[in-house]
Protein chains: 2
Amino acid sequence: MSDRCRVETALEILVGKWKPVILFQLFSHGTMRFSELQKAIPDITKKMLTSQLRELEYHDIVHREIYQQIPPKVEYSITEYGMGMTPVLQAMNDWGMAHVEHLNELYGEEREVESFVSKAEEG
Amino acid sequence: MSDRCRVETALEILVGKWKPVILFQLFSHGTMRFSELQKAIPDITKKMLTSQLRELEYHDIVHREIYQQIPPKVEYSITEYGMGMTPVLQAMNDWGMAHVEHLNELYGEEREVESFVSKAEEG
DNA sequence: AAACATAGTATACAAAATGAAACCATAGAT
DNA sequence: ATCTATGGTTTCATTTTGTATACTATGTTT
């Protein structure tokens with residue numbers, strides 16, 4: 001590891017109960033409306049969905065596009081800059097998958113495994 | 001479960017106010033005693049240091065070596081398996097450094113930049 | 001005998017993150 | 001006039017995470 005450590009900086013973007021799954025949805029589907037995200041993540045509350053999206057927007061990972069309509073329409077997508085997180089997410093996902101197996105060897109337990117970024121760059 | 005990625009699995013290892021800095025110390029110094037970790041991370045409480053080390057040990061990232069002496073001596077180090085996290089930490093660190101600059105461009109240099117060691121005491 | 005050193009536990013408390021549910025604004029459809 | 005749809009906000013409760021401080025054990029040193 002290097003002298004100046006910014007692991008926590010990257011961590012800030014990803015930490016929270018919902019941010020990884022929100023990012024996963026947006027990476028997978030490209031552009032999504034607020035209501036589509038709600039449907040895709042049934043257990044999240046509007047409050048959490050809003051706050052997490054706002055944080056991701058602040059960090060320039062997610063773009064928020066407002067259409068002036070009634071009823072409202074707001075679309076979210078991964079920014080081009082946010083796409084730059086792909087290697088980080090991929091590394092974490094790969095490691096995570098291997099780690100699940102490693103823990104299975106150590107403590108014995110079976111689980112499913114899947115890739116994080118499947119249908120990414122479309123947006 | 002089918003839409004659940006393993007980013008969160010990797011995240012589990014790293015999440016917490018103190019885990020990144022503990023890992024940074026152990027990656028940097030190799031083997032360290034409990035008291036050395038305390039000295040290196042002055043603001044951490046024994047309880048947190050113990051609990052975070054125990055979690056890292058459970059995940060086979062950190063090894064705990066107990067010497068049967070009085071007063072006690074316990075040494076911590078990164079396991080060989082834990083070394084496998086290096087690419088993940090490196091990717092996160094690289095991205096984090098670039099991201100700090102990116103945010104500076106967006107919001108200006110006067111923004112406070114988070115250093116590796118916790119600044120909790122400034123709160 | 002009392003203090004010291006180390007690596008912790010135990011208990012109580014505070015702060016932060018998350019959850020549940022109600023409320024808001026507004027155009028068009030019924 | 002009321003209902004529906006959407007994308008929120010607001011308030012308060014609960015759960016999770018982190019902090020503060022005292023206590024334990026025990027061989028060695030003073």
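When reading the values below, keep in mind they use all heavy atoms of this one structure, side chains included, and skip hydrogens, waters and symmetry mates. So that the names make sense, note that chain A is the first sequence line, chain B the second, and so on, each numbered from 1.
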Practice problem: Over all heavy atoms of both residues, which pair between A/L14 and A/K19 is shortest? Give the atoms and the distance, please. | Solution: O-CB, 3.8 Å

Exercise. Examine C/dT11: is either OP1 or OP2 under 4.0 Å from a nitrogen or oxygen in the side chain of B/K47? Give yes or no.
Key: no

Quiz item: Would a line drawn from the ring center of B/H63 to the ring center of B/Y76 be shorter than 6.0 Å?
Solution: no

Quiz item: Which pair of non-hydrogen atoms, one from A/T31 and one from A/S77, has the smallest distance, and what is that distance?
Solution: OG1-CB, 3.7 Å

Exercise. Would you indicate which nucleotide in C/dG8, D/dG18, D/dT9 comes nearest to any side-chain atom of A/K46?
Key: D/dT9

Quiz item: Does A/K17 have a side-chain nitrogen or oxygen under 4.0 Å from the phosphate oxygens OP1 or OP2 of D/dT16?
Solution: no

Practice problem: Considering just the side-chain nitrogens and oxygens of A/R33, establish if one lies under 4.0 Å of OP1 or OP2 belonging to D/dT6. | Solution: no

Quiz item: If each of A/Q52 and B/V74 is mapped to the nucleotide of DNA chain C with the nearest heavy atom, which maps nearer the 5' terminus, i.e. the 5' end?
Solution: B/V74

Quiz item: Taking the side chain of B/T45 as heavy atoms from C-beta outward, which of D/dT19, D/dG8, C/dT18 is closest to it?
Solution: D/dT19

Self-check item: Check: B/Y81 ring centre within less than 6.0 Å of A/H99 ring centre
Solution: yes

Quiz prompt | 5'-most by nearest nucleotide on DNA chain C - B/F34 or A/W18 | solution = B/F34

Exercise. Would you tell me if any nitrogen or oxygen in the side chain of A/R64 comes within less than 4.0 Å of OP1 or OP2 on D/dG8?
Key: yes

Practice problem: For DNA chain D, determine which residues of residues 66-73 of chain B have any heavy atom closer than 4.0 angstrom to one of its atoms, and list them numerically. | Solution: B/I70

Quiz item: Between B/S35 and C/dA7, does any side-chain N or O lie under 4.0 Å from OP1 or OP2?
Solution: yes

Practice problem: Could you pull out the closest heavy-atom pair between A/Q52 and A/G16, with the gap in Å? | Solution: OE1-CA, 4.5 Å

